[in-house]
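We use all heavy atoms of the structure for the numbers below, so side chains are in, but hydrogens, waters and symmetry mates are not. Keep in mind it's a predicted model, so treat the numbers as computed, not measured.
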Amino acid sequence: MASSSSSSSHVNIKSGPIDADVLWMQPKHVSEHVWNGEEDRKLHIRRAVPTYQGEEQIPEQIFPFLQQSGFGWIIKMGYLKINASLISALIERWRPETHTFHMRCGECTITLQDVSVLLGISVDGLPLIGPTNLDWADLCEELLGVRPQEGEIKGSVVKLSWLAHHFDQINNDDDEEQVRRFARAWILRFIGGVLFVDKSSNKVSLRYLQFLRDFEECGRYAWGAAVLGFLYREMCSATDYKTKSIGGMCILLQMWAWERCTTLAPKRTPPVIENKPLR
């Protein structure tokens, strides 16, 4: 009886693409570090949701102007809680080179249609393009009724805390113009704290204020397209393993994940209907 011997070969499996012509950023991509067994990284979500009188609420006096500007519904979304673990897991699969998530089922991404459906803001309106050399202190005084002093403004940037301080209370006897100013300040706080959150998460550029002059006109701008572009940039930056936080509108990323991967979405609790006896 003849005997046979078998030999086994060891195959080295390496993370990332075989060819780096397209996915050339693998060496510093967070997935490389995950593969090498380095310490898990949970991203810090940068966000500063506007509050009123210490609570997560919107003053009812300004809500008509928020509706008129197109921000009425989306501002309410800002109070949704964000799952940092989910965001971190999605970023591990995001590729800056292609602007797509690389999943086991294939590639996918957040589209303008997703933004329009999930957020309800325009993606095909006027571009957010305007002058960058205005006197920003003058613009504040004109549209907000308050002029930032030296040390309170740097270039076109002011702190969100400055806005919160000067617009901490709205009175029933305030005239319509003052309510409009309060609404502009509230939207500006939302822009800097939720829509276009930067690395500081406590400042906002007054360049956005010029688009809040007329609330009807404000609703005609393509805010959704700008939000998506900004989020793309933040996700690309966050794929670097050394980056510890992420800005942009992460709630959009979370809602997209809930919609596309329903097993990730929280379970919906059906409403409780009381059975009352008929009279």
Legend entry - Flag side-chain contact, heavy atom, 4.5 Å: T98 against H102: yes
Legend entry - Donor-acceptor pair between T243 and D240 side chains, under 3.5 angstrom: no
Inset, instruction - Enumerate the residue pairs fulfilling side-chain hydrogen bond (donor to acceptor under 3.5 Å, both in side chains) with a member in residues 210-219, sequence neighbours excluded, ordered by first and then second residue. - result: Q68-E216, E142-R213, E217-R220
Inset, instruction - Determine whether more than 12 heavy atoms belonging to other residues, nucleotides or ligands lie under 6.0 Å from atom CD of Q53. - result: yes
Legend entry - Residues R181 and D174 bridged, charged N to O under 4.0 Å: no
Inset, instruction - Measure across W223 and I121 and return the closest heavy-atom pair with its distance rounded to 0.1 Å. - result: C-CD1, 4.0 Å
Indicate every side-chain donor-acceptor pair of residues 226-234 with a distance under 3.5 Å to a residue at least two apart or in another chain.
from	atom 1	to	atom 2	distance (Å)
Y232	OH	T109	OG1	2.9
Y232	OH	I110	O	2.6
E234	OE1	R46	NH2	2.6
E234	OE1	G247	N	2.8

Inset, instruction - Could you pull out the closest heavy-atom pair between S245 and A238, with the gap in Å? - result: O-CB, 4.4 Å
Inset, instruction - Could you go through the salt bridge (Lys or Arg N to Asp or Glu O under 4.0 Å) check for E38 and K242 one step at a time? - result: CA-CA 12 Å; E38 298 185 37; K242 295 180 181 179; over 6 Å; no
Legend entry - Rounded distance [0.5 Å steps], CZ in F190 versus CG in L163: 14.5 Å
Legend entry - Shortest non-hydrogen contact from A89 toward R93: O-NH1, 2.7 Å
Inset, instruction - Answer yes when K81 and E56 have at least one side-chain N-carboxylate O distance shorter than 4.0 Å, and no when they do not. - result: yes
Legend entry - F182 and F65, any side-chain heavy atoms less than 4.5 Å apart: no
Inset, instruction - Give the cluster check for M249 versus L212: same hydrophobic cluster or not, with ILVMFWY residues linked at side-chain heavy-atom distances below 4.5 Å. - result: yes
Inset, instruction - May I ask you to say whether E32 pairs ionically with K28, meaning some side-chain N is under 4.0 Å from a carboxylate O? - result: no
Legend entry - Test item: side-chain donor near acceptor, S31 and Q26, under 3.5 Å: yes
Legend entry - L23 CG to M25 CE distance, which is reported to the nearest 0.5 Å: 10.5 Å
Inset, instruction - Please determine if E92 and K42 form a salt bridge, counting it only when a charged side-chain N lies under 4.0 Å from a carboxylate O. - result: no
Legend entry - Criterion side-chain contact (heavy atoms from CB on, under 4.5 Å) on R260 and D114, from CA distance to verdict: CA-CA 10 Å; R260 299 302 181 184; D114 292 321; 2.5 Å; yes
